Amino acid sequence: MIILLGPTGVGKTTLSISVANHFRTEIISCDSRQLFSEMTIGTAVPDDELLYAVPHHFIRSHSILDTYNAAQFEIDVLGVLEQLFTKHPVVVMTGGSMLYIDAVCKGIDDLPDIDPKLRATLTERLKHFGINHMRAELKLLDPVYYHEVDLQNPVRILHALEICYTTGKTFSSQRTKTVKERNFRIVKIGLNRDRTELYNRINQRVDEMMAAGLEQEAGSLYGSRHLNTMNTVGYRELFDYFDGNCTLKEAVEKIKANTRKYARKQLTWFRKDPEIHWFHPDQKKEIFELIAQ
RNA sequence: GGUGCCAUAGCUCAGUUGGUAGAGCAACGGACUGAAAAUCCGUGUGUCCCUAGUUCGAUUCUUGGUGGCACCA
């Protein structure tokens with residue numbers, strides 16, 4: 001499997017089409033937001049033309065009403081891959097969702113699904129009693145993880161508690177972090193470009209999204225704004241505008257800034273992965289040479 | 001032309017009763033195995049507009065410039 005990864009806006013889509021065409025194969029999208037059919041403009045889903053040129057998987061395949069996560073993605077992708085490998089010797093995966101990439105490449109621990117009610121209860125408790133209370137609870141239920149976890153991060157604390165309550169066992173005892181073996185080879189190709197160049201592309205793309213009707217798309221999703229998946233760059237800033245918290249211009253600037261921030265965060269994550277071979281998106285020749293090996 | 005106000009980090013501004021300065025945003029770095037476009041953490045030297053003066057010492061006070069804004073002619 002060839003994985004094309006890199007920060008948002010770097011130019012993964014264009015290259016993925018060339019690579020997929022070259023191998024006459026199909027593309028698995030690894031994007032935690034393009035997954036949802038309701039979000040198209042704001043998540044920079046490729047044009048229909050490109051989607052028809054090469055078969056794509058995991059694009060607009062789910063609804064924001066579905067709960068989805070990296071573990072489910074691992075299962076689903078492995079299933080699709082099994083099918084694809086019967087027809088194609090090479091499959092292309094492309095996207096920038098870091099955790100989802102790792103889930104496919106290394107696997108994710110086997111943990112039970114969390115009852116949304118439990119999550120709601122714990123979130124409510126956090127709001128009422130404060131983070132110290134939740135920390136104390138975790139210290140009691142899973143002292144090992146208590147000493148490992150970022151105690152400032154409520155999401156981490158709550159998730160550990162969810163697992164403890166759901167399984168009756170400590171979270172730490174189930175966190176094996178073992179890397180699963182895959183029966184296919186993985187080549188990771190990282191795409192990056194000059195920072196100002198990347199930022200210019202991002203800023204420009206946001207303007208294009210607005211011209212393409214992002215405001216309307218966000219407006220149609222305003223009623224769903226409390227869903228987890230709607231906590232997404234490009235939408236939450238416009239929800240703020242709809243709520244009267246800022247001007248449209250400020251919202252657009254905020255989208256640009258948050259997209260840039262997201263790109264930086266992706267680069268931070270990818271930087272520590274030694275398996276990635278880095279290229280500029282224009283180095284097509286070099287990339288194909290690497291793949292040929 | 002006159003009067004008043006302003007000039008400090010990339011931006012918006014705070015502050016120093018005279019001892020060379022700090023917030024927000026941006027930028028940069030990091031953590032992160034089931035919410036991950038999420039969540040969380042860390043990083044602030046900048047001719048304090050220029051000039052001359054007072055002073056042991058001026059970004060702070062005074063003189064004169066320059067630029068901007070407002071009001072009056």
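Given the structure is predicted, the values throughout are model-derived calculations rather than measurements. Chain letters run A, B, ... following the sequence lines, proteins first and then strands; every chain starts at 1.
Using a 4.0 Å heavy-atom distance criterion, A:Lys272 is classed as a base contact. Residue contacts shown for A:Gly234 are absent, as no nucleic acid heavy atom lies under 4.0 Å away. Across all strands, A:Thr43 comes closer than 4.0 Å to base atoms (heavy-atom distances). Among the protein residues, A:Phe171 comes within range of the sugar-phosphate backbone only, with heavy atoms under 4.0 Å from sugar or phosphate atoms but none that close to a base. Residue A:Asn231 is in sugar-phosphate contact alone, with no base atom involved, counting any heavy-atom pair closer than 4.0 Å across all strands shown. When heavy atoms are screened at a 4.0 angstrom cut-off, A:Tyr68 is found touching the sugar-phosphate backbone but no base atom. A:Thr123 comes within 4.0 angstrom of nothing in the nucleic acid, heavy atoms only. When heavy atoms are screened at a 4.0 angstrom cut-off, A:Arg236 is found touching the sugar-phosphate backbone but no base atom.
Distances shown here put a side-chain N or O of A:Thr268 below 4.0 Å from the OP1 or OP2 atom of B:G30. For the OP1/OP2 pair of B:A36 and a distance below 4.0 Å, the side-chain nitrogens and oxygens of A:Tyr100 include at least one atom meeting the criterion. Contact between the side-chain N/O atoms of A:Arg195 and the OP1/OP2 oxygens of B:A27 is not found at any separation under 4.0 Å. Dashed line: the shortest gap from a side-chain N or O of A:Arg33 to OP1 or OP2 of B:A38 is not under 4.0 Å. For the pair A:Arg260 and B:A26, the criterion of a side-chain N or O lying under 4.0 Å from OP1 or OP2 is not met. At least one side-chain nitrogen or oxygen of A:Lys254 sits closer than 4.0 Å to the OP1 or OP2 atom of B:A26. Side-chain nitrogen and oxygen atoms of A:Lys265 include at least one within less than 4.0 Å of the OP1 or OP2 phosphate oxygen of B:A38.
Residues satisfying the salt bridge (Lys or Arg N to Asp or Glu O under 4.0 Å) test with A:Glu137, not counting sequence neighbours, are A:Arg125. Not a single salt bridge (Lys or Arg N to Asp or Glu O under 4.0 Å) links A:Arg195 to another residue, sequence neighbours left out. Residues satisfying the side-chain hydrogen bond (donor to acceptor under 3.5 Å, both in side chains) criterion with A:Ser63, sequence neighbours excluded, are A:Glu38. With sequence neighbours left out, A:Glu26 forms a salt bridge (Lys or Arg N to Asp or Glu O under 4.0 Å) with A:Lys87. Among residues two or more places apart in sequence or in another chain, the salt bridge (Lys or Arg N to Asp or Glu O under 4.0 Å) test is passed with A:Asp113 by none. Listed by chain and residue number, nothing satisfies the side-chain hydrogen bond (donor to acceptor under 3.5 Å, both in side chains) test with A:Asp110 (two or more places apart in sequence, or in another chain).
Sorted by first and then second residue, the pairs that involve residues 242-272 of chain A and meet ring pair (Phe, Tyr, Trp, His ring centres under 6.0 Å), not counting sequence neighbours, are A:Tyr222-A:Phe242. The ring pair (Phe, Tyr, Trp, His ring centres under 6.0 Å) contacts involving residues 47-70 of chain A comprise A:Phe58-A:Phe73, A:His62-A:Tyr68, where partners must be two or more places apart or lie in separate chains.
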Between side-chain atoms of residues 77-85 of chain A and protein atoms elsewhere (two or more places apart, or another chain), which donor-acceptor pairs fall under 3.5 Å?
none

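By the 4.5 Å heavy-atom criterion applied to side chains, A:Phe36 and A:Ile59 are not counted as neighbours.
Closest approach to the A:Val233 side chain among B:A35, B:A38, B:G29 is made by B:A38 (side chain taken as heavy atoms from C-beta onward).
Here, B:U51 and B:U45 have their P atoms 23 Å apart, quoted to the whole Å.
Helical stems of RNA chain B (runs of at least 3 Watson-Crick or G-U pairs, donor-acceptor distances under 3.5 Å) are listed by first residue: B:1-7 with B:66-72, B:10-13 with B:22-25, B:27-31 with B:39-43.
Non-hydrogen atoms lying under 4.0 Å from RNA chain B are contributed by A:Asp150, A:Gln152, A:Asn153, A:Pro154, A:Val155, A:Arg156, all within residues 126-156 of chain A. RNA chain B lies under 4.0 Å from at least one heavy atom of each of the following residues of residues 198-224 of chain A: A:Tyr199.
If you measure from atom CD of A:Gln266 to atom P of B:C28, you get 14 Å, rounded to the nearest angstrom. If you measure from atom CG of A:Asn258 to atom C1' of B:A27, you get 14 Å, rounded to the nearest angstrom. When the C1' atom of B:A35 is taken as reference, atom CG of A:Leu161 falls 15 Å away, rounded to whole Å.
For A:Asp113 and B:G34, a side-chain-to-base donor-acceptor distance below 3.5 Å is present, hydrogens and geometry of angles not being considered.
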Determine, stepwise, if the pair A:His88 / A:Phe23 fulfils ring-ring contact (aromatic ring centres under 6.0 Å, His included).
CA-CA 8 Å; A:His88 308 284; A:Phe23 289 101; over 10 Å; no
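Between A:Lys256 and A:Glu253 there is a salt bridge, since a side-chain N of the basic residue sits under 4.0 Å from a carboxylate O of the acidic one.
Without hydrogens or angle criteria, A:Asn69 side chain to A:Ala71 main chain gives a donor-acceptor distance under 3.5 Å.
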